[in-house]
Amino acid sequence: MKRVSILLVSILLVSILFVGCSNQNKTIAPVAKTEQPTGVKNIMNFIGGIQPILGSSIKQDPSGIHASNFCATSAMEMTKGYNATLPKGQSVRRTALKYRNPANKPDAIDVKVMKEFVASRDFSKPKIIIVDEVERTYKALPIKQECLACHGENISPEVKKVIMKSYPKDLATGFKLGDFRGVVVSEIRR
Ligand code: HEC
């Protein structure tokens, strides 16, 4: 008898969780019908392609000098290359409130969405919105250990030199582990 009631309680809990989750999905991603919307897929594939390269560059030279040279010259090229593999009308880009590369400057809508991420402190779920016939998906990027060499509070003078040479107006330093760093944005013309 005891077992049966434990079982019933478990089923009840699981269904509450389940209903809770599906409701949550509805409010966060009103346009998402499948489990992983195209925008999220485009972002995850992009991140999956770029982070291993950054990681191996850091391993080669833990000071970050090699990698920051690489970032300064290659990040935009890699984004362009990735976008060329996507169907027409789809692209990804990166932006931030405190940005380093002026080419990544946010627009007013980017700023609004990023401020929401910062206020909620919840970086786990992507936000999906429609702007002028374009579906925008925002994925927040928290600061991880491997980001600190180039975005943290104690950047080595060598790395700082490389960064300042390419980005004299850099705003993207002084971050701590877990801070909101920026977003990857997917755009899909509908
Ligand atoms: C080796 C140095 C280095 C490391 C490590 C590094 N970055 Fe960057 N990051 C840069 C440079 C340089 C730029 C500017 C060039 C570009 O990528 O457009 C940049 C740009 C960015 C941008 C685009 C917005 C902007 O500020 O221009 C984001 C977002 C970003 N980095 C997030 C991260 C995150 C998250 C990590 C850790 C997973 C990380 N970075 C690790 C050097 C680095």
Side-chain angles (χ1 to χ4, degrees), residues 39-86 90-129 136-187:
V40 176
K41 248 187 268 173
N42 287 352
I43 291 172
M44 296 325 275
N45 289 338
F46 173 68
I47 294 177
I50 206 166
Q51 285 197 345
I53 298 177
L54 183 63
S56 64
S57 187
I58 291 270
K59 260 194 206 129
Q60 247 179 46
D61 170 14
S63 74
I65 299 171
H66 175 272
S68 46
N69 272 320
F70 159 81
C71 277
T73 53
S74 306
M76 297 312 272
E77 289 303 311
M78 283 187 60
T79 310
K80 258 192 230 155
Y82 177 73
N83 284 341
T85 69
L86 294 178
Q90 299 188 14
S91 60
V92 299
R93 59 188 170 86
R94 297 161 310 143
T95 187
L97 290 167
K98 293 194 244 168
Y99 57 93
R100 172 162 292 170
N101 184 346
N104 298 328
K105 190 177 170 188
D107 69 17
I109 294 158
D110 296 337
V111 170
K112 188 169 170 280
V113 173
M114 287 191 284
K115 284 189 172 164
E116 283 171 17
F117 272 124
V118 174
S120 73
R121 285 172 216 256
D122 181 359
F123 309 146
S124 60
K125 296 178 201 78
K127 293 185 195 290
I128 305 181
I129 55 171
R136 289 191 187 190
T137 305
Y138 288 84
K139 173 90 182 80
L141 299 170
I143 286 283
K144 299 189 205 163
Q145 186 64 39
E146 67 261 33
C147 317
L148 293 173
C150 304
H151 296 297
E153 293 175 296
N154 301 307
I155 300 174
S156 79
E158 292 87 353
V159 171
K160 203 154 210 160
K161 215 169 107 192
V162 176
I163 292 172
M164 290 319 276
K165 206 171 134 217
S166 301
Y167 305 106
K169 294 195 177 150
D170 182 24
L171 302 170
T173 60
F175 290 95
K176 293 189 205 66
L177 209 60
D179 279 351
F180 174 80
R181 168 62 182 96
V183 286
V184 179
V185 192
S186 143
E187 283 165 321

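All ligand and atom numbering here is 1-based and tracks the order in the structure. Please read all numbers here as calculations on a predicted model, not as lab measurements.
Between Ala149 and Val159, the shortest heavy-atom contact is O-CG1, 3.8 Å. Counting all heavy atoms, side chain and backbone alike, Gly39 lies closest to Ser186 at CA-OG, 3.2 Å.
Within the 4.0 Å heavy-atom criterion, neither part of Ala149 lies near ligand 1.
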Show me the donor-acceptor pairs within less than 3.5 Å that the side chains of residues 176-184 make with the rest of the protein, sequence neighbours left out.
unit_1: Asp179; atom_1: OD2; unit_2: Lys176; atom_2: N; d: 2.7
unit_1: Arg181; atom_1: NE; unit_2: His151; atom_2: ND1; d: 3.4
unit_1: Arg181; atom_1: NH1; unit_2: Lys98; atom_2: O; d: 3.3

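With Tyr138 as the partner, the side chain to side chain contact (heavy atoms under 4.5 Å, CB included) test is satisfied by one option alone out of Ile43, Ile128, Ile109: Ile109.
Listed by number with element, the atoms of ligand 1 under 4.0 angstrom from any heavy atom of Cys150 are 1 (C), 2 (C), 3 (C), 4 (C), 5 (C), 42 (C), 43 (C). Heavy-atom contacts of Glu146 reach the following atoms of ligand 1: 5 (C) (cutoff under 4.0 Å). The ligand atoms of ligand 1 that sit less than 4.0 angstrom from a heavy atom of Tyr167 are 12 (C), 14 (C), 15 (C). Per-residue contacts place Ala75 under 4.0 angstrom from the following atoms of ligand 1 (heavy atoms of the residue considered): 16 (C), 17 (O). Near Leu141, the atoms of ligand 1 lying under 4.0 angstrom from a non-hydrogen atom of the residue are 29 (C). Which parts of ligand 1 touch Tyr99 is read off a 4.0 Å heavy-atom cut-off, strictly below it: atoms 25 (C), 26 (O).
The heavy atom nearest to atom 18 (O) of ligand 1, considering only Arg100, Arg93, Arg94, is found in Arg94. Between the choices Thr79, Asn104, Leu97, the shortest heavy-atom distance to atom 27 (O) of ligand 1 belongs to Asn104.
For atom 8 (Fe) of ligand 1, the N/O/S atoms of His151 include one lying under 2.8 Å.
In this structure, Ile163 does not count as a contact residue of ligand 1, since none of its heavy atoms falls inside 4.0 Å of the ligand.
Within the structure, every pair that satisfies the salt bridge (charged side-chain N to carboxylate O under 4.0 Å, His left out) test and touches residues 99-109, not counting sequence neighbours, is listed here: Arg100-Asp170, Asp107-Arg136.
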